[in-house]
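Below is one structure, written out as structure tokens, with a few remarks after it.
Residue numbers begin at 1 in each chain, while the letters A, B, ... track the order of the sequences. Worth knowing before you read on, the calculation uses all heavy atoms, side chains too, and leaves out hydrogens, waters and symmetry mates.
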Amino acid sequence: MATMHTYITTPIFYVNAQPHLGHAFTTIVADTYCRYRRLCGDSVVFQTGTDEHGDKIVQAAQGAGVSPGEYVDRISAMFRATWPLLAIQPDNFIRTTDPVHIRTVQRILQQVYEQDDIYFSDYSGLYCKGCERFLTDKELVDGRCPDHLVAPEAITEQNYFFRMGKYQQWLIDHITGNPEFITPERYRNEVLSFLKEPLEDLCISRPTSRLTWGIPLPFDDRFVTYVWFDALINYLTGIGYPDQENFSRSWAAAEHIIAKDILKPHAIYWPTMLRSMGLAPYKKLHVHGYWNVGETKMSKSLGNVVRPAEMVAEYGTDTVRYFLLRDMSFGLDAAYSAEALRMRQNSDLANDLGNLFSRSLTMVAKFTASRVPSAGEPEEIDRQLRDAAVAMVAAYRREMDNFAFHRALAAVWEVISRANKYIVENAPWDLAKDPAKSARLDTVFYYLLETLRLIALTLEPVMPDTAAKMRHALGQAAAQDLTGQAAWGQLAPGTTITLPPPLFPRLDSGKPKTTSAPAQTGGKAQKNMTSTENPDDEGLISFDDFKKIDLRVAEVVAAEKIKKSDRLLKLTVKAPEERIIVAGIAEFYEPEAMVGKQVIIAANLKPTKLMGIASHGMVLAIKDQGSLFLSAVSAKVTPGSKVS
RNA sequence: GCCCCCGUAGCUCAGUGGAUAGAGCACAGGAUUCAUAAUCCUGGUGCCGCAGGUCCGAUUCCUGCCGGGGGCACCA
């Protein structure tokens, strides 16, 4: 059978903000699905990247006091640096500022223009000078711009338009005829209901008088293209459109993963664009919901943005991946909370899986000298375990194929639970006491170990680290094949097993030591920060107290003197998210000398304002005989690494 | 305003025109000692949002109401 091919993408993320939980989730889903397909023997290309044009970027760059180019380089690098923390391994990381992408976009624009699917026309609307953009009627409050409180001006601007309406009926037919095109079904229905109204043409340009940070239209340099003809085309650029060797093969296998906020561009604009340029639509669009933080939306202004790097630092990569995939029904919104995550860690990972693995291997080490025994004639109870394990793999594959990751994992945990039961029912510690029962003991262990092998195999895409630990402990080579290796009975008798360290620690109950995003308490510097504590034991603190301080390595990406201050420097550091720290080191360090340095910071200090600048954390330094020395690390490490 | 989805055990959710409505977590009691004080067994609770209607029979279908969420386009 020829190997299947899959081309899986995340959206390219807009670099006006730093990576957050939502970005991480989409990308973890993509990575997991990608690993899963590879495990099934398919070849896969996995692409993610960053979207870097537009006026929001220009504004953000201005706010940061750098050029748009410098700004996007910095934020894009942060996205790229975040993915390895989550064991995400994309094959391509594309940027819309890549020269090859710019050429591709222009080439496609030219083509679509020449075949008359792009035309020049007037656009009349209500323009707010403060916002520098057109507002829609429903954005207005009492006829005024809600941000600037002035009535927008009715103006007419000339722009280029894409004949989207021309492809409306074709799109309806395509979606209707291909139930798998957009899933889950609710989003497919949403799109179809939207398509019941006439589809208007899409404005795809901005005059350079308003925006220059974009790709110039090849047929009119007074304009740049705006958003979608730039961003969506990344999916083609990355696989070598139009004539690179594997383009057609990959494009025919394209599956996009998105969050529901960009459903319309992906479900409507994009297929019609593809149709116009003479390409088949992508194969599938997988749409997921939002992660709320507790009861509320995650938003910058609420200051509750969850940073993936902080989650990983606190709980570990595999726990984060497992939690996110297990706790969200793909397609629906879900709630993130430290409590929910800790519960999964303790009950699913530590108690059920970790303890099962640990107790099983310990017994094998003790009772059969760390060798995989040969199974004798199975009894009913053994056959039941075997059947359950084999059925699990089938159910798992079915659910993974449908992007129902939570269900796939639930199926695995059913067998984990069954295996725990199997141990109690067979009481190997009793069998071991009676030499006459050694054959029975061997059979029990064989069935148990073989079940564990299959469990490890299914966990490979979700928790690659953990699966590898399990595999090594069971004396198995790298898993590559969910087809061949999923059959029962492949564990070779005589194989040596090794005792692994516990797979997952149990987390003590009590308050998570998490830092989370600070922000909302614009507060004052707390002078008596420990006044309510009880420093007995002659100033000794417990380990738990120590753990409260979130020490990390931060890399300085920018530094400037603060006016009217002799001692303060404003540092922009990566830890790994970007943050501003004001440090009292200006007497000893020049700003230029700071850039690129790695220092240790206390990352969870309450933010405070120094000379009017909010400082999020503190750089550790050493005072010695009137001099000051920055803390340092002895080798270059990943920014954001924990110090402990 | 128009349209769509949701409202089931303390929590998160599954479920079907029909029989005593389920799972996990949490909680209580017991068993066990191989294991990360882990595991296994047993147990309770539900006006299945409210009010009508269709039907022999509705949590499941229809209507209205209440509560929550989303969409109604170029604000990524």
Across all strands, who's sitting opposite B/C27 as a Watson-Crick or G-U wobble pair, both distances under 3.5 Å? B/G43

Between B/C13 and B/U8 - C1' atom distance, rounded Å: 9 Å

Out of B/C74, B/U36, B/G70, which nucleotide sits closest to the side chain of A/Glu190? B/G70

Please state whether the phosphate of B/C75, meaning OP1 or OP2, lies under 4.0 angstrom from any side-chain nitrogen or oxygen of A/Arg206. yes

C1' atom, B/U59 versus B/U32: distance in rounded Å? 41 Å

For atom CG of A/Asp348 and atom P of B/G24, their distance in whole Å: 12 Å

In whole Å, I'd like the distance from the CZ atom of A/Phe504 to the C1' atom of B/A37. 20 Å

When the C1' atoms of B/A51 and B/G67 are considered, how many whole Å apart are they? 15 Å

Selection from B/A73, B/C34, B/U39 that lies nearest to any side-chain heavy atom of A/Tyr269: B/A73

Which nucleotide in B/C40, B/A14, B/A35 has an atom nearest any side-chain atom of A/Arg407: B/A14

Checking N1-N3 plus N6-O4 or O6-N4 for Watson-Crick, or N1-O2 and O6-N3 for wobble, each under 3.5 Å, the partner of B/C50 is B/G64

Testing B/C75, B/U36, B/C25 for proximity to the side chain of A/Tyr226, the answer is B/C75

Between B/A73, B/C5, B/C25, which nucleotide gets closest to the side-chain atoms of A/Met343? B/C25

Base partner of B/A38, which must satisfy Watson-Crick or wobble distances under 3.5 Å: none

Counting only N and O atoms by type, is there a donor-acceptor contact under 3.5 Å from the side chain of A/Asp401 to the main-chain atoms of A/Arg398? no

Pairing nucleotide - B/U33, Watson-Crick or G-U, each distance under 3.5 Å: none

Given atom CZ of A/Phe194 and atom P of B/C2, what is their separation to the nearest angstrom? 19 Å

Counting side-chain heavy atoms from CB outward, which of B/U39, B/A73, B/U32 is closest to A/Trp429? B/U32

Distance between P atoms of B/C61 and B/C6 (Å, rounded): 9 Å

As a test of reading the structure: which of B/U39, B/G71, B/C34 is closest to the side chain of A/Lys264, going by heavy atoms? B/G71

Using the P atom as the reference point in each nucleotide, state the distance between B/G52 and B/C41 in Å, no decimals. 44 Å

Taking atom CD as the centre, does A/Glu185 end up with more than 12 heavy-atom neighbours from other residues, nucleotides or ligands that are less than 6.0 angstrom away? no

What nucleotide, of B/U39, B/A76, B/C34, holds the atom closest to the side chain of A/Thr362? B/C34

If pairing requires Watson-Crick or G-U wobble contacts with both distances under 3.5 Å, which nucleotide is the partner of B/U16? none

Can you tell which of B/U36, B/C74, B/A76 lies closest to the side chain of A/Val227? B/A76

Verify the ring-centre separation between A/Trp270 and A/Phe181: is it less than 6.0 angstrom? no

So if I take every side-chain heavy atom of A/Arg506 and compare against B/G71, B/C34, B/U36, which nucleotide ends up nearest? B/U36

Distance check needed: B/A76 P versus A/His256 NE2, whole Å only. 21 Å

Heavy atoms from other residues, nucleotides or ligands near CZ of A/Arg418 exceed 12 (cutoff 6.0 Å): no

Looking for any heavy atom pair under 4.0 Å, which part of the strands does A/Gly54 touch: base, sugar-phosphate only, or nothing? nothing

Assuming nearest nucleotide by heavy-atom distance, tell me which of A/Ser193 and A/Ser329 is located more 5' along RNA chain B. A/Ser193

Is a donor-acceptor pair below 3.5 Å formed from side chain A/Asn351 to base B/A38, judging by atom type as modelled? no

Report the distance from atom CG of A/Leu449 to atom P of B/C34, rounded to the nearest whole Å. 18 Å

Want to settle it: does A/Ile12 or A/Lys260 sit nearer the 5' end of RNA chain B, counting the closest nucleotide to each? A/Lys260

Six-ring centre of A/Tyr167, A/Arg275 cation under 6.0 angstrom, axis tolerance 45°: no

Short side-chain N/O contact to B/C40 OP1/OP2 from A/Ser417, under 4.0 Å: yes

Write down the distance separating the P atoms in B/U60 and B/A9, rounded off to the nearest Å. 15 Å

Answer for the Watson-Crick or wobble partner of B/U59, both distances under 3.5 Å, is none

B/A58 versus B/G15 - spacing of their C1' atoms, nearest Å: 14 Å

Within the 6.0 Å centroid threshold, strictly below: A/Tyr235 and A/His266: yes

Watson-Crick or G-U counterpart of B/C2, or none if no pair lies under 3.5 Å: B/G71

So, A/Glu399 side chain and A/Arg407 main chain: donor-acceptor pair closer than 3.5 Å or not? no

Just how far, in rounded Å, is P of B/C25 from CG of A/Leu349? 13 Å

Taking the six-membered ring for Trp and the single ring otherwise, decide whether the centroids of A/Tyr447 and A/Phe445 are under 6.0 Å apart. no

Any side-chain N or O of A/Lys196 less than 4.0 Å from the OP1 or OP2 oxygen of B/C3? no

Could you state the atom-to-atom distance from CG of A/Asn346 to C1' of B/G24 in whole Å? 15 Å

Here the distance between atom P of B/A31 and atom CG of A/Asp430, to the nearest Å, is 16 Å

Between B/C11 and B/C72 - C1' atom distance, rounded Å: 35 Å

